[in-house]
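Inspection log for the structure reproduced underneath, given as structure tokens.
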Amino acid sequence: MKTFLSALTGIGLFAFPAQAEFSFNTYGRATGLYGYTDAEKRFEDVDSKQNATGDFEAGFEARYDFDDDYAVSLNLDLMGGIDHELKNYNQGAWGEEAYGIFDSPYGRLMGGQTFNVAKQFHVGAPSYGPLKVNDSDIVDFIRNPNWKRTSKEAYFATLNSTDINTDGVAPKISYITPEFYNTLLGFSYIPDTYNRRGLVNKDARYAKKDGYAAAAYNSLDLGFADITSSAGYAEFHDNDKEFSFGLNLARGNWNIGGSWRKTYIDGDDTPLSARRRKKDLPALFDNYREGRAWDVGIGYEFGPYRGSLSYLNSKAENTRNYDQIVILSNSYQVNKYLDLYAIGSFAKFRGEDRDIEHNNQGYAFVTGASLSF
């Protein structure tokens with residue numbers, strides 16, 4: 001991939017020497033959250049009453065514009081977290097995304113550690129602030145027994161998002177067409193599905209198998225409102241097939257939206273793990289492969305204030321595993337550097353049986369701030 005991007009850069013320098021322009025951009029953000037958890041009485045010993053988490057991210061871009069139509073960039077995004085329930089970054093508590101982008105009148109070509117096009121295009125419920133309703137960090141405050149990620153184990157008995165995130169930021173090549181009739185089309189090829197920011201256990205039989213994703217994004221101005229929609233499809237070989245659809249309607253300061261995702265095993269795909277195969281592959285560790293999830297929400301923006309009420313419902317098809325998350329999020333931008341948050345949430349998680357360790361329910365009240373630089 002580095003050789004390919006270097007070749008593109010060399011071609012561009014030769015073809016457009018008179019109009020070339022180089023730029024280097026950086027960004028950074030640090031977020032700290034504190035939360036109080038009020039669990040249902042029988043789960044009081046499962047969750048800590050008080051929790052605090054921290055996150056940071058930093059990005060670097062080296063960009064070369066050949067002229068108004070052609071550009072190439074090399075990008076490095078770094079991120080890390082403190083006291084998270086799920087160790088979802090590429091390296092556990094921290095991670096990186098290194099990738100290159102080549103833009104031309106014929107579309108965009110991306111290579112490296114990126115999300116697939118179905119996730120990049122995804123439209124759904126508005127959910128502002130740092131916790132969000134999809135792939136939600138509310139589990140840092142209300143533990144979800146259906147989602148586990150440690151340094152040695154990955155266990156997702158239900159889908160954690162309505163966008164197609166199975167492969168995380170596994171290295172891939174993606175192509176996005178130029179816009180036509182308010183529509184973008186995209187395609188991603190993923191040589192190895194496994195990535196810690198995804199859902200796949202590294203010891204699963206299909207972890208190193210390839211996959212692909214295709215997606216469409218459309219935006220329309222209806223006069224009285226703007227409507228955006230997305231559709232995605234992915235096939236991860238020997239793992240599953242996935243569909244996602246989303247819609248959002250915006251008018252003035254308001255927007256309302258929702259999305260749906262379905263996963264299923266087809267043909268000769270590896271069967272679900274209904275029993276423990278070995279230490280790091282417990283029963284139902286890949287139960288997400290036959291499930292569905294949907295979300296819905298409403299958002300409001302006025303000046304520096306943003307608020308949203310959003311809901312996620314996720315269920316396994318063959319077992320009783322089930323998730324419900326409701327998040328009321330409020331954020332206020334004090335200035336270009338500082339954002340403040342006040343968030344209330346309710347969550348109900350149901351496991352494969354009625355054991356207290358496999359279920360949870362309660363409320364969380366979270367406040368915090370982000371500093372951008």
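With a 4.5 Å cut-off on side-chain heavy atoms, V334 and L340 count as touching. The shortest side-chain heavy-atom distance between D77 and E57 does not fall under the 4.5 Å cut-off. At least one side-chain heavy atom of S48 sits under 4.5 Å from a side-chain heavy atom of N51. Counting only heavy atoms from C-beta outward, the side chains of T31 and T53 never approach each other to under 4.5 Å. By the 4.5 Å heavy-atom criterion applied to side chains, D137 and H84 are counted as neighbours. At least one side-chain heavy atom of V200 sits under 4.5 Å from a side-chain heavy atom of N239. I227 is listed as a side-chain neighbour of L247, based on a closest heavy-atom distance under 4.5 Å. Contact check for L78 versus F60: side-chain heavy atoms found under the 4.5 Å cut-off.
In this structure, G351 and N359 approach most closely via the heavy-atom pair N-OD1, 3.0 Å. Minimum heavy-atom separation, A293 to S161: CB-O, 4.2 Å. Considering every non-hydrogen atom in both L281 and A204, the closest pair reads CD2-N, 4.2 Å. For the residue pair P282 and E153, the shortest heavy atom distance occurs at CG-OE2, 3.1 Å. The shortest non-hydrogen separation linking S370 to R29 is CB-NH1, 3.2 Å. Annotation for A283 and Y155: closest pair O-CE1, 3.2 Å, computed over non-hydrogen atoms.
Of the listed residues (T114, D167, N116), just one forms a side chain to side chain donor-acceptor pair (under 3.5 Å) with K172, and that residue is D167.
Less than 6.0 angstrom separates the ring centroid of F346 from the ring centroid of Y363. Between W294 and Y311, the distance from one ring center to the other falls under 6.0 angstrom.
The closest donor-acceptor contact from the side chain of R350 to the backbone of R320 lies under 3.5 Å.
Under 3.5 Å, the side chains of E96 and Q91 contain a donor-acceptor pair of N or O atoms. With no hydrogens or angles considered, a side-chain donor-acceptor pair links N146 and N321 at under 3.5 Å. Residues N313 and Y322 have side chains that bring a donor and an acceptor to within less than 3.5 angstrom of each other. No side-chain N or O of D69 forms a donor-acceptor pair with one of Y106 less than 3.5 Å apart. With no hydrogens or angles considered, no side-chain donor-acceptor pair links E290 and T263 at under 3.5 Å. N90 and R197 are not linked by any side-chain donor-acceptor pair at a separation below 3.5 angstrom, with hydrogens and angles left out of the test. If you check the side chains of N165 and R261, you find a donor sitting under 3.5 Å from an acceptor. A side-chain donor from one of Y206 and D286 sits under 3.5 Å from a side-chain acceptor of the other. No hydrogens or angles considered: a donor-acceptor pair under 3.5 Å links the side chains of T158 and D323. Side-chain atoms of E21 and Y64 form no donor-acceptor pair, as typed in the model, at a separation below 3.5 Å. Side-chain contact check for E97 and Q113: no donor-acceptor pair (N or O, by modelled atom type) lies under 3.5 Å. T162 and D295 are linked by a side-chain donor-acceptor pair at a separation below 3.5 angstrom, with hydrogens and angles left out of the test. A side-chain donor-acceptor contact under 3.5 Å links N255 and N248.
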Where do D210 and I190 land on the side-chain contact (heavy atoms from CB on, under 4.5 Å) test, with the steps shown first? CA-CA 5 Å; D210 66 347; I190 309 106; 5.9 Å; no
Decide yes or no on side chain to side chain donor-acceptor pair (under 3.5 Å) for E242 and T166, but give the supporting numbers first. CA-CA 9 Å; E242 310 193 12; T166 300; 2.5 Å; yes
Would Y34 and V366 count as a side-chain contact (heavy atoms from CB on, under 4.5 Å) here? Give the steps. CA-CA 6 Å; Y34 165 79; V366 182; over 6 Å; no
Taking it one step at a time, do Y189 and Y212 satisfy ring-ring contact (aromatic ring centres under 6.0 Å, His included)? CA-CA 4 Å; Y189 174 69; Y212 63 86; 8.2 Å; no
Apply side-chain contact (heavy atoms from CB on, under 4.5 Å) to residues F236 and D269 and explain how you reach the verdict. CA-CA 9 Å; F236 301 102; D269 289 344; over 6 Å; no
Given W254 and I298, is the side-chain contact (heavy atoms from CB on, under 4.5 Å) satisfied, shown in steps? CA-CA 7 Å; W254 294 89; I298 185 169; 3.8 Å; yes
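Relative ring orientation between Y300 and Y305 is described as tilted, the plane-to-plane angle lying within the 30° to 60° band. The aromatic rings of F102 and Y70 sit tilted relative to each other, their planes meeting at an angle between 30° and 60°.
Separating the CG atom in D47 from the CD atom in E85 is a distance of 8.5 Å, to the nearest 0.5 Å. If you take CD on E61 and OG on S73, they are separated by 4.5 Å, rounding to the nearest 0.5 Å. The line from OG of S310 to CD1 of I327 is 5.5 Å long, rounded to the nearest 0.5 Å. If you take CG on N318 and CG on N287, they are separated by 6.5 Å, rounding to the nearest 0.5 Å. The structure places CG of L185 at 9.0 Å from OH of Y175, a figure rounded to the nearest 0.5 Å. To the nearest 0.5 Å, atom CZ of residue R108 and atom OG of residue S174 are 10.5 Å apart.
Under the 4.0 Å criterion applied to side-chain N and carboxylate O atoms, D238 and R205 are not assigned as salt-bridge partners. For K262 and E317, the salt-bridge test passes: some basic side-chain N is under 4.0 Å from an acidic carboxylate O.
For residues 216-226, every residue pair satisfying the side chain to side chain donor-acceptor pair (under 3.5 Å) rule, not counting sequence neighbours, is listed here: T183-N218.
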